[in-house]
Amino acid sequence: MKKLLALFLVAAIVLCTFAGCKKTANVNATTETQTTTTTTTTRTTEDLSTTFKENYTNKVFAALAKDNGGSYPYEISTYKTYYDTKNKTRTVNIDNAVQKLDNLVIPVGSAFSFNQTVGKRTVLAGYEEAKVVKGDEFVDGLGGGICQVSSTIFQAVLRANMDITVRACHSLEISYVPLGADATVQWNTQDFQFENHSASDIKLKVTASNGTLTCTVYAASDIKPANLKIDVKKDGDSYVLTRSVNGAVNYTTNSKYNKAKVTTTTTKKAN
């Protein structure tokens, strides 16, 4: 009788333990089913404009350094554009880009990339919303205004006889440079790039003050090109820009623009 009672107690303990394990497994399964992972995606709206692209490349170049000293005494070229300081957010964006570009040195044989130098236009980087191009209209987007910076640099280095390797126009007409003379940029989509194949390292002096944006190219030795001429002509519905040195054309680029869609919210040209 005692043996039967002992066997009954052992069986009861085994059944209780098995039931407990099953319950624990069910609880864990429920917990795993209810546990979720939240992923936050950050998107910038600066990358909105549609452009006429020329030889865009994602190639990564060697980092460029800055030189705040006076070892570049020769002024090779300069170019100025103008902006409205009353447009506060656009002015902030221009200032942010200028800070990354001022006193940048491009050694002989090196390449300059606007996007790789200025970086991604985000809120954390200090950029604000201003007008950018989207399709056939101007809308608010992060970084609006920095295309004026890239266009000003384009015109300065063009006059310094640098080799322009990547450049594209806006899809819509802009007003801060002549039509055919702009260089639009979009993060990871459209860049402005040039290479220094001159006989000297150069330095970009880029400033923005009281509504005037200036890019001046300085060099360690006097490499100022003689008889350099920039010409923009309209050919049908396109604008053809040419650069010649001593009468020989060494750079040509074509631009074609659409008209901005007229809306109640689109009142001015930007980016």
Side-chain angles (χ1 to χ4, degrees), residues 42-66 79 81 90 93-107 109-122 125-127 130-135 141-172 174 176-177 179-197 202-204 206 208 213 215 217 239 241 243 251-257 270-271:
T42 303
R43 177 179 178 272
T44 62
T45 56
E46 181 262 330
D47 308 333
L48 294 174
S49 65
T50 303
T51 62
F52 174 79
K53 300 179 181 179
E54 290 184 3
N55 304 319
Y56 178 74
T57 174
N58 279 318
K59 180 180 178 180
V60 176
F61 300 104
L64 300 174
K66 288 190 174 186
Y79 195 84
T81 60
R90 194 168 186 276
N93 295 337
I94 289 174
D95 288 340
N96 281 341
V98 165
Q99 289 175 17
K100 295 291 185 71
L101 294 159
D102 190 31
N103 292 318
L104 193 71
V105 173
I106 300 90
S110 296
F112 166 89
S113 162
F114 187 93
N115 282 338
Q116 291 178 35
T117 302
V118 173
K120 192 172 184 178
R121 278 68 84 180
T122 65
Y127 289 95
K131 295 299 180 185
V132 298
V133 176
K134 181 182 180 182
L142 282 178
I146 64 166
C147 285
Q148 181 167 351
V149 182
S150 57
S151 296
T152 304
I153 295 174
F154 169 50
Q155 286 301 310
V157 299
L158 191 67
R159 286 161 171 75
N161 204 29
M162 296 292 111
D163 291 337
I164 311 301
T165 53
V166 176
R167 172 266 171 192
C169 68
H170 290 78
S171 60
L172 300 179
I174 45 81
Y176 44 78
V177 292
L179 293 178
D182 57 318
T184 189
V185 289
Q186 300 172 62
W187 177 255
N188 207 33
T189 303
Q190 183 59 56
D191 201 3
F192 166 63
Q193 299 173 8
F194 70 88
E195 296 177 358
N196 178 11
H197 294 300
I202 65 167
K203 180 172 78 171
L204 304 182
V206 188
L213 175 61
C215 178
V217 179
Y239 293 83
L241 180 149
R243 177 183 63 192
Y251 177 73
T252 301
T253 185
N254 294 274
S255 304
K256 190 175 181 180
Y257 306 91
N271 206 1

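Side chains of Tyr127 and Val118 form a contact here, defined as non-hydrogen atoms less than 4.5 Å apart. Val157 has its side chain out of reach of Phe112: every pair of non-hydrogen atoms, C-beta onward, lies at least 4.5 Å apart. Proximity of Thr122 to Trp187: side-chain heavy atoms (C-beta onward) are nowhere separated by under 4.5 Å. Tyr251 places a side-chain heavy atom less than 4.5 Å from the side chain of Leu241. For the pair Val185/Gln190, no side-chain contact is recorded, criterion being any heavy-atom separation below 4.5 Å from C-beta on.
The heavy-atom pair separating Thr184 from Cys169 by the smallest distance is CG2-O, 3.4 Å. Nearest heavy-atom pair, Asn196 versus Ile106, reported as atom, atom and distance to 0.1 Å: ND2-O, 2.9 Å. When all heavy atoms are compared, the tightest approach of Leu64 to Pro107 is CD2-CD, 4.0 Å. Taking both residues in full, the closest heavy atoms of Met162 and Ile202 are given as SD-CD1, 3.7 Å, listed atom of the first, atom of the second, then distance. When every heavy atom of Cys147 is checked against every heavy atom of His170, the shortest pair comes out as CB-NE2, 3.4 Å. The heavy-atom pair separating Ala156 from Cys215 by the smallest distance is CB-O, 3.5 Å.
Between the side chain of Gln193 and the backbone N or O of Ala111 there is no donor-acceptor pair closer than 3.5 Å. In this structure, Tyr257 contributes its side chain and Gly180 its backbone to a donor-acceptor pair below 3.5 Å. No side-chain donor-acceptor contact under 3.5 Å links Gln148 to the backbone of Tyr176. The closest donor-acceptor contact from the side chain of Arg167 to the backbone of Asp182 lies under 3.5 Å. At distances below 3.5 Å, at least one donor-acceptor pair connects side-chain atoms of Asn96 with backbone N or O atoms of Gly126.
With Phe192 as the fixed residue, the side-chain contact (heavy atoms from CB on, under 4.5 Å) test singles out one of Val166, Ile164, Val149, Asn115: Ile164.
For Lys59, the NZ atom sits in a loose shell: 12 or fewer heavy atoms of surrounding residues, nucleotides or ligands are nearer than 6.0 Å.
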